[in-house]
Each structure stands twice: as C-alpha cells, then as structure tokens.
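Worksheet: the structure to be examined is printed underneath.
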Amino acid sequence: MKIGIDVKANRLYSPQLVGLISTIDPKGKPNVATFAWITSVSSNPEMIAVCLAPKRYTYECIANNKEFVINLPAVDIIDEVWFCGKHSGRDIDKFKETGLTPLDSIKVKPPRIKECAVHLECKLANTFEVGDHIIVIGEVVAKSCDENAIVDGVLDVQKVKPLLHAGGSKFVVARDVVDVK
Ligand SMILES: Cc1cc2nc3c(=O)[nH]c(=O)nc-3n(C[C@H](O)[C@H](O)[C@H](O)COP(=O)(O)O)c2cc1C
C-alpha cells in the first residue's frame, strides 16, 4: 500500500460529476463556467453545494444576483466544457465564444443551457468560507431535463453520457449501470 502520496486528496477522491454553472453578471450579461466540486447536501428542501474559488467571476455573479443554474453537460460538448473552465467571463462572452445556447429558465434570471440534459435552477441559500474556497449552497427552485434523460427515476447514463472530471485535462464518461437487484 502506498502512503504519503504526492497527489491532492481531491484527485484521489474522484472522478466528480461536472456541471456547467450559468449566472447573470452585474451588467445583465449571462456567464457560464465549469465546476466539478458540486454535491447535493439536502433532499428536503432540495439543496446543492458548489465549491468556488472566490476569484471566479461566477462567484461575483452569484453574490450579486443570488441565483444560478447547474446544467449537466455530456461528452459531446467536452470542448465547450473545457473552454468554459479555462476562460473567465470577466474577459469574454462564453456563450458567444462557444455557441452554447441560452434558454430562458423557469424561475430564475440566469439561463439554462439547451445542449445540457438536466437543469437545476437555484436560489442562493447560504455561503461558507472553507480553506481557499467558498461553499455556495443553492436551494433548487425548478428542475427540467431532456424528455428521455430519466428512466425508472434515475439518470439514463447510456443516453446522457455525463462527464466526470478525473483531474487536469482528463475526464471520465459515465456509460454503464450496475443494478444490485
Ligand atoms: C473540469 C473543470 C472543473 C473545475 N471545477 C472547479 C470547481 O469545482 N471550483 C472552482 O472554483 N473552479 C473550478 N474550475 C475552474 C473554473 O471553471 C475556471 O476558473 C473558470 O475560468 C471560471 O470562470 P468564471 O471566471 O467565468 O467564473 C474547473 C475547471 C475545469 C476545467
């Protein structure tokens, strides 16, 4: 067994499901960025936590407008996912640069992303500073997904092919389902 490994804990505990988070900036322009440190934290009410470095423009946008949308991307838009994780909305319009299509949301101002299979519209509920990141907790106020994305109450990964982040430029594509029944 290896001990004292020179690899960050977040890389050892991976891969982690990737989300594209859409927001509205203080001037009203939509922004989108890539995040992998995302997890559900409550089922009633439904709440999700996202860990953001405070310098992300996404954080500034959420602090200002208090709303965001978590969109679930698939492997077919991996280039757009990478681009949105490598450029800041402070400098460019990532919707224009990537060609991702903004769709009006049901309950919040930031847009959903048409090319994504699932959309979770969130209102900011709380923030906590932890180490070098800020945990942003959102209450899910509306949910939508592609017609065939959910089968028997779970995501059909063979259809959706969601992306997980292993670290650096490496991703994993979820395709197999194991049913213990
Ligand atoms: C696959 C991937 C996952 C990422 N996950 C996170 C994350 O969980 N938290 C974070 O603060 N930044 C994360 N980033 C970095 C941001 O996406 C990146 O800094 C981006 O440019 C921020 O854009 P913004 O300034 O428009 O918010 C990730 C980047 C990639 C490529």
Side-chain angles (χ1 to χ4, degrees), residues 7-41 47-102 105 108-113 115-138 140 157 160-175:
V7 176
K8 291 271 187 194
N10 68 285
R11 290 240 171 134
L12 290 171
Y13 193 75
S14 73
Q16 292 189 270
L17 197 59
V18 170
L20 283 176
I21 298 196
S22 43
T23 49
I24 286 281
D25 83 357
K27 291 179 202 139
K29 182 192 84 174
N31 186 39
V32 47
T34 306
F35 294 91
W37 294 5
I38 303 175
T39 185
S40 290
V41 287
M47 296 176 117
I48 295 210
V50 185
C51 299
L52 297 148
K55 66 179 177 201
R56 307 292 181 235
Y57 195 45
T58 297
Y59 177 65
E60 198 178 317
C61 297
I62 294 174
N64 180 67
N65 157 258
K66 310 214 174 335
E67 295 175 335
F68 58 96
V69 181
I70 303 173
N71 304 271
L72 188 70
V75 64
D76 42 295
I77 57 165
I78 193 167
D79 292 341
E80 291 83 347
V81 165
W82 186 245
F83 185 91
C84 291
K86 288 288 146 193
H87 298 86
S88 177
R90 250 189 217 100
D91 314 317
I92 54 163
D93 181 333
K94 287 189 258 184
F95 276 98
K96 265 202 193 128
E97 296 289 334
T98 58
L100 288 169
T101 316
S105 288
V108 300
K109 208 169 164 195
R112 293 174 289 169
I113 296 170
E115 290 78 8
C116 290
V118 175
H119 318 99
L120 302 174
E121 298 177 31
C122 299
K123 290 214 182 252
L124 180 63
N126 223 326
T127 58
F128 300 93
E129 275 186 48
V130 180
D132 59 4
H133 278 60
I134 295 173
I135 303 178
V136 168
I137 311 243
V140 180
V157 292
V160 174
K161 299 187 190 79
L163 274 176
L164 297 102
H165 189 219
S169 60
K170 294 198 170 52
F171 291 80
V172 170
V173 184
R175 292 177 210 259

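Because the structure is a prediction, the values reported are computed rather than measured. Side chains included, hydrogens not; waters and symmetry mates left out as well; all remaining heavy atoms used. Both ligands and their constituent atoms are indexed starting at 1 by order of listing.
A donor-acceptor distance shorter than 3.5 angstrom exists from the side chain of Ser105 to the backbone of Pro110, with no hydrogens or angles considered. Not one N or O on the side chain of His87 forms a donor-acceptor pair closer than 3.5 Å with the backbone of Arg90.
Taking the six-membered ring where tryptophan is involved, the planes of Phe171 and Trp82 are perpendicular, since the angle between them exceeds 60° and thus also 30°.
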Between ligand 1 and the protein, which N/O pairs fall short of 3.5 Å?
from, atom 1, to, atom 2, distance (Å)
ligand 1, 5 (N), Ala36, N, 3.1
ligand 1, 8 (O), Ala36, N, 3.2
ligand 1, 8 (O), Trp37, N, 2.9
ligand 1, 9 (N), Cys51, O, 2.9
ligand 1, 11 (O), Ala53, N, 2.9
ligand 1, 11 (O), Arg56, NE, 2.9
ligand 1, 12 (N), Arg56, NE, 3.0
ligand 1, 12 (N), Arg56, NH2, 3.2
ligand 1, 14 (N), Thr34, O, 3.4
ligand 1, 17 (O), Thr34, O, 2.6
ligand 1, 19 (O), Arg56, NE, 3.3
ligand 1, 19 (O), Arg56, NH1, 3.2
ligand 1, 21 (O), His87, O, 2.9
ligand 1, 23 (O), Lys94, NZ, 3.1
ligand 1, 25 (O), Tyr57, N, 3.0
ligand 1, 25 (O), Ser88, OG, 2.7
ligand 1, 26 (O), Asn31, ND2, 2.9
ligand 1, 26 (O), Gly89, N, 2.8
ligand 1, 26 (O), Lys94, NZ, 2.9
ligand 1, 27 (O), Tyr57, N, 3.3
ligand 1, 27 (O), Thr58, N, 2.8
ligand 1, 27 (O), Thr58, OG1, 2.6

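Crowding of Lys170 atom NZ: a count of heavy atoms from other residues, nucleotides or ligands under 6.0 Å not exceeding 12.
Checked by atom type, the side-chain pair Ser22/Asn71 shows a donor-acceptor distance below 3.5 Å.
Taken from CZ in Arg56 to CG in Asn31, the straight-line distance is 12.0 Å, to the nearest 0.5 Å.
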